[in-house]
Chemist: 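Let me begin by handing over the structure; questions about it come next.
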Amino acid sequence: MAAGKSAEAIGEPADRVLVITRVFDAPRSLVYQAFADPKHALKWGGPPDYPAVHVEGDLRPGGKWRTCLRALDGSRELWQGGVYREIVPNERLVYSFAWDQEDGSPGPETLVTVTFADQGRKTLVTFRQAVFNTKENCDGHRRGWNGAFDRLADHVARR
């Protein structure tokens with residue numbers, strides 16, 4: 001989104017654009033690595049009831065990433081993936097995101113932009129994902145990402 005413009009001002013329905021800002025009590029390089037390094041992402045990816053059990057990524061523009069989230073009771077797996085579009089180490093990650101559908105094909109695609117900024121000795125993360133096909137899908141991702149970010153806060157605090 002252009003600086004100073006709302007989602008609706010640039011043609012995106014605001015109720016289908018997810019923006020989350022969180023401050024993590026860890027240095028920016030560590031928080032960035034938690035997103036960029038699959039070994040880290042495996043420790044915090046997914047909400048508490050669907051933790052990541054598989055994370056892989058080819059961190060370069062055009063490189064692909066894949067993650068599997070599994071229900072705690074093992075009853076269901078949810079696969080997601082996408083392509084890295086922009087990588088600025090310790091500053092910015094941009095990648096596409098789509099859930100696998102039941103036939104294995106990718107579902108509706110959204111674009112994720114994550115920025116990392118120093119805030120004293122802590123890190124301000126601004127997470128944006130858009131444009132969702134429905135408001136309900138956007139709201140579901142808000143719950144999921146906030147659960148994952150709670151786990152990320154615990155992960156970086158232990159480092």
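For reference, positions follow the sequence shown, starting with 1.
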Chemist: Once the angle between the rings of Phe116 and Phe35 is folded into 0 to 90°, is it parallel (under 30°), tilted (30 to 60°) or perpendicular (over 60°)?
Modeler: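 Plane angle over 60°, so perpendicular.
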
Chemist: How are the rings of Phe149 and Phe24 set relative to one another: parallel (under 30°), tilted (30 to 60°) or perpendicular (over 60°)?
Modeler: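 Answer is perpendicular, since the angle exceeds 60°.
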
Chemist: If the plane angle is over 60° it's perpendicular, under 30° parallel, otherwise tilted; pick one for Trp145 and Trp44.
Modeler: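 Trp145 and Trp44: tilted rings.
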
Chemist: Grab the two heavy atoms, one from Pro48 and one from Leu72, that are nearest each other, plus how far apart they are.
Modeler: O-CD1, 3.5 Å

Chemist: Start with the C-alpha gap between Asp150 and Arg22, add the side-chain angles, then the distance that decides, and say whether salt bridge (charged side-chain N to carboxylate O under 4.0 Å, His left out) holds.
Modeler: CA-CA 10 Å; Asp150 291 345; Arg22 294 277 293 256; 2.8 Å; yes

Chemist: Measure the acute angle between the ring planes of Trp65 and Tyr95, then classify it against the limits of 30° and 60° as parallel, tilted or perpendicular.
Modeler: perpendicular

Chemist: With heavy-atom distances below 4.5 Å as the criterion, would you say the side chains of Leu69 and Pro47 are in contact?
Modeler: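 Yes, close enough: below the 4.5 Å cut-off.
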
Chemist: Tell me whether the rings of His54 and Trp79 are parallel (<30°), tilted (30 to 60°) or perpendicular (>60°).
Modeler: tilted

Chemist: With respect to Val114, which candidate in Val125, Ile20, Val31, Val94 satisfies the side chain to side chain contact (heavy atoms under 4.5 Å, CB included) definition?
Modeler: Val125

Chemist: Answer yes when Lys135 and Asp139 have at least one side-chain N-carboxylate O distance shorter than 4.0 Å, and no when they do not.
Modeler: yes

Chemist: Would a 4.5 Å heavy-atom cut-off, applied to side chains only, mark His40 and Leu30 as touching?
Modeler: yes

Chemist: Please check: side-chain N/O of Arg151 versus main-chain N/O of Lys43, any donor-acceptor pairing under 3.5 Å?
Modeler: yes

Chemist: Taking 4.0 angstrom as the limit, do Arg66 and Asp100 come out as a salt bridge?
Modeler: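 Result for this pair is yes, salt bridge flagged.
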
